[in-house]
Every structure is written in structure tokens, then in C-alpha cells.
2 protein chains.
Amino acid sequence: MDILIRDIDLIPVNGGEDIIRDTNIYIEGDRIACIGEFRDDRDVDRVIDGSGKVAMPGLINSHTHIGMSLLRNYADDLPLHDWLTKRIWPIEAKLQAEDVYWGSLLSMVEMIQSGTTGFCDMYFFMDEVGKGLEESGMRGVLTRGLIEDDEADKKLLETKELYRRWNGEANGRIKVMVAPHAPYTCSPAYLRSIMELARELDAGIHIHLSETRREVEESIEEYGKSPIEHVNDLGLFDLPTIAAHCVHIDDGDMDILKDKGVSPVNNPGSNLKLASGFSPVDRMLKKGINVALGTDGASSNNSLNMFREIYLAATVNKAVNMDAVSIPAYTAIEMATINGAKALLWDEEIGSIEVGKKADMIFIDMDKPHLYPMHNILSSLAYSVQASDVDTVIIDGDIVMEDREIKTLDVERIMFEGERVARDLINR
Amino acid sequence: MDILIRDIDLIPVNGGEDIIRDTNIYIEGDRIACIGEFRDDRDVDRVIDGSGKVAMPGLINSHTHIGMSLLRNYADDLPLHDWLTKRIWPIEAKLQAEDVYWGSLLSMVEMIQSGTTGFCDMYFFMDEVGKGLEESGMRGVLTRGLIEDDEADKKLLETKELYRRWNGEANGRIKVMVAPHAPYTCSPAYLRSIMELARELDAGIHIHLSETRREVEESIEEYGKSPIEHVNDLGLFDLPTIAAHCVHIDDGDMDILKDKGVSPVNNPGSNLKLASGFSPVDRMLKKGINVALGTDGASSNNSLNMFREIYLAATVNKAVNMDAVSIPAYTAIEMATINGAKALLWDEEIGSIEVGKKADMIFIDMDKPHLYPMHNILSSLAYSVQASDVDTVIIDGDIVMEDREIKTLDVERIMFEGERVARDLINR
């Protein structure tokens, strides 16, 4: 479908802090064909009035576990170890494919409604997430979390099959990467098999690294190295790597991340709520490291609202560094858009609004009391916008949400089924 | 008007973490007449179907400067000193009564839409805020900020007149207190005059204390005491006191706050964004201090959304204390309701949903994808609810918002006038 968006304010996120006022965007098929010039003889299928709205690249949630929305608000205000071992792991062991299907769709509804167009997921029953991506119209990276146990080899095979079945599918909206869960759940030998598979598939890596202080202490105890030094010495970072968390890291770790072009994913909401700590985001960015942004799962957040993560990135780091200039609004917006695209090895296609790129964009309705008066759009997006201000979502050139109505999914049914399988899971 | 709310889940916030399922609430005039029992022969003016909704006490924003919404997103990502001296103060000097009127109404719209029913404001042209309270139906404490300058005595007179004109007005929805801005803007002599006035009026005190590290260092340099020790030695805390911020405080300060029954107001959003630091909320609460919650002004937040402050209180403190149990969901909800009522010396009337209290309450629409599945309402309210989930707002027994439509104010006009006076102010 060809779409013309008229008279919209545009934040392209292509380097400078540009705001292009009252412009026009042409979408031809799945790509952005033209920005600015208005050709009224143009033959388009749809004209959208963008006045009073701001267009920006769709948000990219670079680290999440979307099936976990079923466990939203299921276990909170607990010590981390109890949360994981007594509440989350026992119930995850009972999850079935159908649960992950509905949980993933519930998450996609929430993500679309809050302006996220693409994500990187780590979970299991990943075929269900692939089906959800096909149906929802979203863009996503599927990664099957690899924890070493009796089924370690089977999981490698699953990743291989996942790659063959889904990589490049849905007009290229779906990618598959390889996901060792963490160095504390994968031995060096297993990590080597995983790296071999990633090289064979020519796929990137998605891993948790240095989330908690305890994890770092135990790594030093076991290997005499931080988790980042440890996996780097194994050669993991010779593959393109998305490294979730990177909270407890030192200058040596940062130098490795920089040298190897690793993309850390900051998950401020999850790090706060699980009491993991504060990632040195400002120092990483100043070193030139590509820091992306994510929500983590809805059971540790307890939301998949990337506008809240933008807000947290732009504010929490100021207090941590006692520096009101730390992580300005625009930097936080970059983390949630172009930096995410780079992390997901997708920045040639998405992450900014530029001619030739895929049309993944969102429109924010600025005509809200809590956004008045309108002194500065960038500040507004980082500090004042609410998820419910997202008006329209376009992914791969298709209108996925308009006037807050999702066009691709049966929202009522997904809520019903999500509640049903969650009840069933608890009682299983 | 008599109102019957049927089949609603109720969080009364009256001590335990009670959740009363599928109950009924009767409102007679401005008060809660009955909870639970259903008398279908009852003669009421309105019946509201509460199914799928949660009733909780209206949120209380215990420290704000509501006229400052005109400066929302006007000056951000600047060092604190430049922000205040180069951007905020010069433009505030140009503010006129009409500006404060429209700015205050704009804030009231935002507050109502995000579930706030009462607030404590410190600003100037406070008669305009009084008018806004009359019109909006909100409940509020008016305090004229007292900064010592050439007009110091005139400002004391203004406070006196403000008290005579507004205290107890609008069926008791309006209170007036006395507001020395801070010990660094009021000399000991001026503070003594202020205390004398407060005693004369039998009014409480509203003051900023220990917001920044610099403020504390300068107080120690000048007086050999922390700001809290300093004003306590002057006798300020012999009056009931609302102490905004209390970020940089030590055990000695906390002991004073506890002994004197001072209510500190935590403003996490403002403290993060202005890089002020982290208030020791958990330690204060454990000492039995009544910590309330506020947004501060919309120019340092940049929102008046108390649900975001609840979220921040319940998460930021966990990471600061490296303790996932720090400030559980219910504690953060108490800070925003009953603790606020206590701080504002209003807990006999509001802050919880109990028979005999004034009917200040809000209903949250839980039928939203980002709140599914529904494992735990308290977690949901603290970690997942968005401002836009607030469906209905009742204040003093009157329906001020229903189905998100504000009944008392002309929202379109307020947005228009707010934008107009803000433009005019910038160009003045």
C-alpha cells in the first residue's frame, strides 16, 4: 500500500537532533520513498493527516522475554533469588506451547499500543513467537534461550530449525539469532558449540551478561575473570553480540565491549525493580559503545512500555551521576531507536526515518493536556509522553494501529485467552 | 448527590493490604456512607457499574508548583544552577496572575486525568489557584511561597489575606498553609516572622528542605548545622510541617523529623531529573516517619502523573538499597494516599476509603492488555498501571471525571489558553 502522511512534525533520528516541522512522508510499499516535498498528483492509497502529531521511528525493544507477560504481577517485592527459584522457574517449567503463543500475542498488543515496532526476544517455544510475528505484523528477532541441561544438544537443534524455518520470513520482518542464556548457565564447552552454530548460520548472539553483582563475583571465583572477560576470551565477541544488562562492569569490561563492537542493552526498569543496580550507561556511551534499550520481561518490569524505559534512561542516570546533563532526551530516544537497530544488525533497514529505509514508524498525538504547552518536542517525548499518546503504528509499510485501534490482531480474544492460559498455568 | 457504586474491587488503604472484591460503595452527599452491604431499595441519584474496575483513594500530590506547567519542557538537560538562574527564575519574574490561572487549570486537568484528587501547591498569585480549585472541584492546600526580598513583609500580608479569603472555602475543599520557601532564601529573622504568622493563623508549614548536597554544605558553612537542624533549632518544627525533598539527610536529621512529627515529601521524578540524588525513603519509613509523595513542578518532572511517582518510589529505592523488598507496592500506594493526607493534616477526612470520610476516590479500568493477566492488583497499581487507565474521579462526593471525561472544566479551552499564555510569556 502507498501512504502519504501530510503536515506532520518529524524526528528522523539520523544524527543531529533534527526536528522537521510540518513535513510530508511518502511510503511506497514497505519503504520510505520521499520526505518533505508535496506532490499532490501523487497516486496513493491512503492519505493520513499528521497535523498535531509527531512522527518518529518505531521503538525497538532490544531485550525482552515476551512470553513472560503471563507472569506479569505474579511475583513481586521478593528477594531476587526467591523470585527466580521459588516463583518464576517452577512455573516456567510448566509452560506449554499454547501458553507462549497467547502470552506472546498479549505482549505484542501491549508493545504496539505503546509504540514498539520491533523487538529481540529470548524464550522457548519460539515457533509460537514466529507465528505471532506473522499475525501481528511486528518485526522481531527470535532467539531460543540456551540453558545447559540434559537437553542442551536438543536445544541447539531447535535453534537450527528455528533459523531455517523463520529467518528472513514475513517479508524479512523476522530474524533468528543464537542465544546462550548466560555464562553462568552455559559451560565453556557449551558456549563453544553455540558459537560454532552461530558461525554456521551466520547469525548474531543474544546473551545476558553481568546483570547482578553476585554473578560477577561468582565468575571471578570460578574463572578468575569477569563474565565479559570470560566470554571474550572464549571468542564469543568475534560474533556480533547483543549483551543484555551489563550492569556490574568496570573500565576493562567497557574497553572489551567497545573494541569488539558489542551492543549492551540497558534495561533500567528491570534493573531497578529486581534491585540489580545501575548500569554505567553514560560512561559506555561516552566511550562510543552502542547502548540499546529494553524492558526485559513483563514479570520483572512489569510492563513492556518502552516510553517508560526512555524516561528512566534519561532521568535515573542523571541522579546516579549527579549530573543533570547526563543522558539528554535525544540520547535516550536514540537508545530506543537507532541504537536498537544497530544492536539487532538491522540499522540499514530500520531505526530512523530516512528515504530508502523500511517504513517502521509511529505517530504521537501531541494534543494532550499533559503535553501542553509545547516548548520542546524532544523533552516531551522523553519526559512527558505516555504510552497512550501513541496514535498510529506503521510497520513494514503496513498500518498496524490507527487511532489506537490495532488492525492486525483480535485484542479482545487475546486478552481473554491470555487470562485463561495464565489461570490454567497457575492451577496446573 | 447520592451515588451507589456496584461490584467494584476496593483497595481501602486503611492499614492492612486489604483488597475487598466485588463490593458496593454508597456515597451520601460528600461522604462515604456505607461499604459492602447492598440495599437495593436505596434511593440514590446515580448507580455506577464498577465491574472490571478497582476503587482506591484519590492520589494526593503533597508537593508541587502547579503554575509551572506553563514551563513544562521549557528548560531541560541543563546543569541545575543554569536551569534555575538562567531559565526558570528570569521567566518566572515575568509571570502574571492570568498566566498562573491558566497554568494551574492546565495542571488540574492533568492531575484529574491521572487520578490525583488533592494537592499541596507552593507558588504565587495563589488567588488564581483558589479560583481554579473552586471551578475544578479538586481539593488543595494553597501556600504562597515566601522568599525574602524587598517585598518580604508584603508577602506575609498576602499569606494572611489568602488564609482569610480561602481557608475552609468550597465546602472545606481548600486549606491555606504558610510556606517559607527554604532556609537558604529566608533568614532566621524572616523565618521567625513566618512562624509567628503560622501560629496566629493556626496553620501548618510547607517548606523545601535539604534538596541538594550544595544546600546542605552551605547551611553547615553558614550555621554549622544541616538545614533540618537549623530550622528545628529555630522552632519551626513545633508547627506541623510538610518538608519537601529531604534528599541529603543523615540519621540525626531523621531523628529530628521523627521526634517532631514532620512529614517529608519524596519527589523521586524531580530528584532524578534535576540530579539531586536519592532520598533515603526506606530508612525514613523504617524509623516510622510519615513520608508522602509528590511530583514537584512540571518544569522539573516534567509531568504531574502521581502513578509515575508511585512506580518510581517502588522501584528506584530497590536499586538504591540493593534490596528487591525495599518499598513494596502497597507502601508506595500508602505514600501517595494516606501518608499524603496525614502530611496535609487531612487524614481525618481523606486518604483512605472508609465510612464517614469524604468521598475522594478514583476508579482504575483494569480491562487493559498491559494489565493482563490479573495476578495481583497491588502490583498492577504500582508497576503496570498507566495514567490513562484512570477512568473515574470522585472528589467531595462529586463526579469530576467519568469515562475519562472531565465534567467540571472546559479542557479544550484550558489547553488553548495555556498554550496562548505560555507563548505570550516567552515573548514578553
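Proteins get letters first, then strands, A, B, ... in listed order; numbering begins at 1 in each.
Heavy-atom neighbours of B:K407 NZ from other residues, nucleotides or ligands within 6.0 Å: above the threshold of 12. The number of heavy atoms from other shown groups lying within 6.0 Å of NZ (B:K86) does not exceed 12.
Between chain B and the residues A:M111, A:E419, A:R423, the largest count of heavy-atom pairs under 4.5 Å involves A:E419. If you tally non-hydrogen atom pairs under 4.5 Å between each of B:E110, B:K318, B:E412, B:Q113 and chain A, the highest count goes to B:K318. Per-residue counts of heavy-atom pairs under 4.5 Å with chain A were compared for B:K368, B:H370, B:R308; the largest is that of B:R308. Of the listed residues B:V109, B:N317, B:N376, the one with more heavy-atom pairs under 4.5 angstrom with chain A than any other is B:N376. Listed options B:R213, B:Q386, B:M374, B:R420 were ranked by heavy-atom pairs under 4.5 angstrom with chain A; first place goes to B:M374. Top candidate by heavy-atom pairs under 4.5 Å with chain B, chosen from A:T212, A:V421, A:V320, is A:V320. Listed options A:G103, A:S303, A:S380, A:A422 were ranked by heavy-atom pairs under 4.5 angstrom with chain B; first place goes to A:S380. Among A:S107, A:S326, A:A319, the residue making the largest number of heavy-atom pairs under 4.5 Å with chain B is A:A319. Contact count versus chain A (heavy atoms, under 4.5 Å) is highest, among B:G269, B:A324, B:G277, for B:A324.
Paired with A:H375 under the rule side-chain contact (heavy atoms from CB on, under 4.5 Å), one option of B:I426, B:D76, B:L70 passes, and it is B:I426.
Counted by atom type alone, A:N302 and B:S379 present zero donor-acceptor pairs between their side chains at under 3.5 Å.
Contacts of B:S384 with chain A are made by both backbone and side-chain atoms, with heavy-atom separations under 4.5 Å. The part of B:F278 that comes within reach of chain A is its side chain, from C-beta onward, which places non-hydrogen atoms under 4.5 angstrom from that chain. Residue contact with chain A, scored on non-hydrogen atoms closer than 4.5 Å, involves the backbone and the side chain of B:V316 alike.
Closest approach of A:L78 to B:V325, counting heavy atoms only: C-CG2, 3.9 Å.
A:D77 contributes a side-chain N or O that, together with a main-chain N or O of B:A329, makes up a donor-acceptor pair within less than 3.5 Å.
Atom CG in A:L312 sits 6.5 Å away from atom CG in B:L312 (nearest 0.5 Å). B:L371 CG to A:M415 CE: the interatomic distance, rounded to the nearest 0.5 Å, is 8.0 Å. We find the CG-OG distance between A:D389 and B:S388 to be 7.5 Å, quoted to the nearest 0.5 Å. B:Y311 OH to A:K273 NZ: the interatomic distance, rounded to the nearest 0.5 Å, is 8.5 Å.
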